[in-house]
Amino acid sequence: MPNRIDGARLRGELVEPVGPYAQVDVVATTGSTNADLRQAVVDGAPDRTALVAAEQTAGLGRRGRTWASPGSGVYISVLLRPSGVPVAGVGSLAIAAGLAVLDVGDALGANVALKWPNDVLAADASGKCAGILSEAASSDELAVVLGIGLNVTRVREDVTVPAGALPPVSLAELGAATSDRTDVAMMVLAALHERETVWREAAGDLADADMLDEYRQRCLTLGQEVKILTGGGSVIGDAVDVEPTGALVVDVPGGTRRSVFAGDVVHLRPTGG
């Protein structure tokens, strides 16, 4: 496979005792790395078990969506057992992961920004570069499976984009210094470990982790009129803040504020624009 992901190199640099991960497996293709690691939770896999795929055929998105991930990116899931984090603090993990992807983009010279709650976009919001999905998993102790799908090189033109979604854009198209998928996977896992360690020590509180102001500065959703599709309907208003829990604060018509913890966001227009 062109530009294959070198599992031996990842393990040599990232797995204990040299690195922070208990296990790093690499596969050429799988249905869903998140689904694979949800099964690994049941099988008793340890904290910081990682799975990297060059291609997904039944990837998972928000609200149960499925989508194919062609072999132009890296698809990474990590099983975490953050015992010191309360269940209420787990919702902010995707935000910490988003900052980790931004760290990689910045290091490579790619011009990227964030969209609440779990997307990495081109800085001009012209396309989506990465998606993040954090899922609590069934276990005797708290377990979370965190998935990151990141476009490294140009996505094939025949890939279907869902109605209303941004077109895919890659790190290479945004000016990244390398398109080597092993290098990118290495950087993502290293950056994720750094961010997740601080997040865990702060018990999931983004303010205590010193990530909240940074996220606010890099989040394109703030300052936008938004429509948020939630399990219970939709919310339309002005996105004004992000809370330490990761919730989005929205000014809704009538002068009230709502905290939204999860949902699909559509940017309507800049407030005041």
Side-chain angles (χ1 to χ4, degrees), residues 34 60-65 82 85-102 112-137 142 144-148 162-166 195-196 198-200 202-273:
N34 264 32
L60 301 175
R62 284 189 49 78
R63 303 174 75 181
R65 296 190 184 96
V85 178
V87 173
V90 171
S92 60
L93 178 59
I95 283 181
L99 288 170
V101 177
L102 239 61
V112 290
L114 294 162
K115 177 186 176 185
W116 187 91
N118 58 358
D119 289 342
V120 180
L121 307 183
D124 63 359
S126 60
K128 177 177 172 178
C129 186
I132 297 163
L133 181 64
S134 177
E135 302 178 282
L142 178 63
V144 184
V145 174
L146 176 72
I148 299 173
L166 289 173
R195 290 287 188 175
E196 189 272 330
V198 175
W199 170 87
R200 189 182 298 209
D205 186 300
L206 295 173
D208 289 348
D210 290 329
M211 296 185 199
L212 187 56
D213 286 343
E214 184 179 5
Y215 185 84
R216 288 164 170 160
Q217 291 167 7
R218 301 292 296 273
C219 181
L220 299 177
T221 304
L222 296 181
Q224 296 274 348
E225 183 182 10
V226 296
K227 180 178 182 179
I228 308 173
L229 304 176
T230 68
S234 63
V235 177
I236 295 178
D238 296 338
V240 296
D241 200 6
V242 174
E243 297 177 347
T245 59
L248 183 69
V249 180
V250 181
D251 280 347
V252 299
T256 60
R257 285 193 166 184
R258 286 189 58 178
S259 296
V260 181
F261 291 90
D264 292 337
V265 176
V266 178
H267 292 174
L268 299 178
R269 63 186 66 82
T271 57

Distance in Å, E135 CD paired with L133 CG, rounded so as to fall on 0.5 Å steps: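 So the CD of E135 and the CG of L133 are separated by 4.5 Å.
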
If you look only at distance, which donor and acceptor atoms sit under 3.5 Å apart when one is on a side chain in residues 205-212 and the other is two or more places apart or in another chain?
{"residue": "D205", "atom": "OD1", "partner": "A207", "partner atom": "N", "Å": "2.9"}
{"residue": "D205", "atom": "OD1", "partner": "D208", "partner atom": "N", "Å": "2.9"}

Over all atoms of both residues, closest heavy-atom pair of [X] and [Y]:
X	Y	result
P270	Q224	N-OE1, 3.4 Å
S92	W199	OG-NE1, 2.8 Å
D119	G131	OD1-CA, 3.9 Å
P117	G263	CD-O, 3.7 Å
A123	A113	CA-CB, 4.0 Å
L93	V144	CD2-CG1, 3.6 Å

In this structure, which one of L146, V145, I148 forms a side-chain contact (heavy atoms from CB on, under 4.5 Å) with N34?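 Of all the options given, the one that passes is V145.
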
Could you walk me through whether V250 and I236 pass side chain to side chain contact (heavy atoms under 4.5 Å, CB included), step by step? CA-CA 8 Å; V250 181; I236 295 178; over 6 Å; no

Is the number of heavy atoms from other residues, nucleotides or ligands under 6.0 Å of R216 CZ greater than 12?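 Counting other residues, nucleotides and ligands, CZ of R216 exceeds 12 neighbours.
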
If we ignore hydrogens and angles and just use 3.5 Å, is the side chain of [X] paired with the main-chain N or O of [Y] as donor and acceptor?
X	Y	value
W116	I95	no
K115	A125	no
D238	V240	no
R195	G98	no

